[in-house]
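What follows is a short report on a single structure.
In what follows, chains are A, B, ... by sequence order, proteins preceding strands, each numbered from 1.
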Number of protein chains: 2
Amino acid sequence: MQLKEYMDSIKCLVEGRLDELLPEAPDSPEAVLYRAMRYSVLGGGKRLRAIIFLATCDLFGLKQELYLDFACALEMLQTYSLIHDDLPAMDNDDYRRGQLTCHKVFGEAQAILAGDALLTQAFNLMLSLDDEVDRGLLCQAARQTAWLLGLGGMVRGQAADMALTGQDPDLPLLQYIHYHKTGAFFQAAIKSGAIFGQALPREMEALCAYSERIGLLFQVVDDILDLAGDEQVLGKPPGSDKRNSKITYPSLIGLEKARKLAEKTAEEAKAALEIFGSKVWFFNELPAYLVKRSFGVAAKVDDLPLKNFF
Amino acid sequence: MQLKEYMDSIKCLVEGRLDELLPEAPDSPEAVLYRAMRYSVLGGGKRLRAIIFLATCDLFGLKQELYLDFACALEMLQTYSLIHDDLPAMDNDDYRRGQLTCHKVFGEAQAILAGDALLTQAFNLMLSLDDEVDRGLLCQAARQTAWLLGLGGMVRGQAADMALTGQDPDLPLLQYIHYHKTGAFFQAAIKSGAIFGQALPREMEALCAYSERIGLLFQVVDDILDLAGDEQVLGKPPGSDKRNSKITYPSLIGLEKARKLAEKTAEEAKAALEIFGSKVWFFNELPAYLVKRSFGVAAKVDDLPLKNFF
């Protein structure tokens with residue numbers, strides 16, 4: 001199967017199930033909360049974390065259908081983090097995935113609550129697998145997801161990012177922020193799949209190394225896209241990082257080096273999984289796919305004086 | 001043992017453990033996040049949900065020490081909900097538990113993140129019991145807590161409350177809001193203890209009925225206190241509900257009837273647990289303890305013209 005086909009088929013499964021999982025209750029007193037949740041979760045997105053998680057399950061021969069709700073929980077967590085990140089007190093973004101952000105449509109209070117509800121419901125959903133999968137593995141996967149999405153990762157990275165916005169950046173600090181803010185989520189997706197698949201220690205180690213590279217790669221590409229991406233591809237006006245005085249890879253090391261870093265990281269990611277041989281075809285092709293996202297932009301930027309961007 | 005002594009001893013255990021569980025990392029890039037979390041979690045509070053949960057464990061002959069981290073997780077969840085409720089976009093409160101609210105001290109961004117971190121870390125902490133207690137029961141308790149704190153309860157109630165603020169109140173709607181917003185958390189605490197204790201169906205049913213009554217009772221008392229409570233007892237200036245045009249029991253049915261409702265509900269709570277006999281002494285005494293909190297206020301208000309308050 002081709003990469004794009006494989007990713008699309010999982011995306012379709014996940015989006016169909018998310019549609020079922022998110023209630024519509026137009027006559028309830030909290031109807032606006034359900035609308036806000038559905039609007040943000042079902043309003044597009046690459047579903048990359050769900051896809052990576054289910055591809056890992058696949059790698060270990062597990063039935064993807066059995067783990068679909070766990071994948072949907074990861075997408076709920078992803079959406080919660082975007083809703084809260086977009087709030088006026090945080091990145092103050094008006095657009096996301098090509099549509100107005102949650103708080104622009106439903107107000108700040110309901111946006112905060114929609115994020116809280118998605119975060120809480122994600123754990124409810126994960127733990128609902130307890131009749132179908134080994135409970136020890138389920139506790140382990142849900143527990144490490146909570147750690148990597150919170151104090152051990154994403155929230156920690158976001159807090160550091162907010163605390164340091166506007167300060168003089170350096171590379172180790174930028175890496176620290178993104179290792180936690182972006183990388184930890186990819187780790188959670190891959191490690192959860194590997195936990196369910198009862199990966200051997202050396203397999204787990206290889207997958208962790210891979211997920212760290214993918215997290216970095218994703219962030220570098222995202223920074224390049226934000227710098228000068230096409231609004232249609234990006235789903236929001238580019239330049240949000242600059243407006244918010246965010247440290248980014250291109251602003252710190254220059255666009256050319258950032259592009260080189262993306263290519264080098266993609267190679268390292270592939271190399272990390274050598275022990276698996278050919279059965280990791282999806283994981284081998286994914287890094288190049290991510291790098292390609294930034295190609296159009298990089299080419300476009302090459303024609304313009306760099307001072308426009310930094 | 002006396003009620004006050006019993007509650008104080010559990011409170012002391014819980015607060016000691018919370019102090020250990022919340023990291024201080026003054027040199028980390030996200031030091032402000034840890035400070036915000038510690039400030040809000042350790043800045044007072046009755047620890048009522050942790051106490052009720054551990055008292056339920058006690059009722060079923062379980063060792064409280066083994067379930068201490070689950071109790072601490074409930075207190076983290078309680079603090080998360082207070083931090084987010086106090087935000088400018090929500091109730092916009094400047095004081096809580098006698099000190100400035102989290103966002104007044106650390107800014108809105110870090111307050112939102114402190115809430116997110118506490119919510120996520122609570123599930124990490126709950127699931128860390130997986131080596132010590134039955135994993136099936138743990139999944140069940142954590143799962144129903146996620147439901148009752150989120151879409152099945154607290155967040156749903158808060159969303160309805162925010163959506164309906166300023167509208168013409170009626171009693172069924174007020175009951176709907178508080179059943180979810182306040183009551184569901186007490187249900188989560190008691191039901192989790194009963195799940196770990198492997199309560200018989202009729203025991204579970206009795207405890208659920210009790211927890212519903214306790215939730216209502218707590219809310220009525222809280223409304224009375226907010227109306228005209230002493231700032232010292234309340235930890236914040238009274239009148240927040242009125243400023244925010246919140247529907248409350250006293251504003252809807254009058255103070256005298258609200259006080260009667262509290263007393264009646266306390267009796268119903270006790271009656272719900274008759275099947276347990278004398279071993280539920282804590283649960284029997286708790287309702288009267290809660291009602292007493294509102295006595296001083298009610299007496300004070302009786303001397304004043306009611307129009308001052310409605």
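In terms of heavy-atom pairs under 4.5 Å with chain B, the best-connected choice from L164(A), L119(A), I177(A) is L119(A). No other option in G150(A), A111(A), A89(A), S81(A) has as many heavy-atom pairs under 4.5 Å with chain B as A89(A). Ranked by non-hydrogen atom pairs under 4.5 Å with chain A, the options I112(B), T145(B), L77(B), L151(B) are led by L151(B). Between chain B and the residues M126(A), M37(A), H180(A), the most heavy-atom pairs under 4.5 angstrom are made by M37(A). Heavy-atom pairs under 4.5 Å with chain B were tallied for D130(A), V155(A), D116(A); the largest tally goes to D116(A). Heavy-atom pairs under 4.5 Å with chain A peak, among R156(B), E108(B), Q121(B), at R156(B).
No donor-acceptor pair under 3.5 Å is formed between the side chain of N124(B) and the backbone N or O of A146(A). In this structure a side-chain-to-backbone donor-acceptor pair under 3.5 Å is missing from Q158(A) to L113(B).
Relative ring orientation between F123(B) and F123(A) is described as parallel, the plane-to-plane angle staying below 30° on a 0-90° scale split at 30° and 60°.
Within the 4.5 angstrom heavy-atom criterion, only side-chain atoms of L138(A), from C-beta onward, approach chain B. For L87(B), the part sitting under 4.5 Å from any heavy atom of chain A is the side chain, from C-beta outward, and nothing else. When heavy atoms are compared at a cutoff of 4.5 Å, L173(B) approaches chain A solely by way of its side chain, counted from C-beta outward. Contacts between L129(A) and chain B at a heavy-atom distance below 4.5 Å are absent for every atom of the residue. For chain A, the nearby parts of L149(B) are the backbone and the side chain; heavy atoms of each come within less than 4.5 Å.
Residues Q110(A) and A163(B) come closest through the heavy atom pair NE2-N, 3.8 Å.
For residues 17-34 of chain A, a heavy-atom distance under 4.5 Å to chain B picks out P23(A), P29(A), E30(A), V32(A), L33(A), Y34(A), given by residue number.
Of the inter-residue distances, the one linking L127(B) atom CG with Q144(A) atom CD reads 11.0 Å to the nearest 0.5 angstrom.
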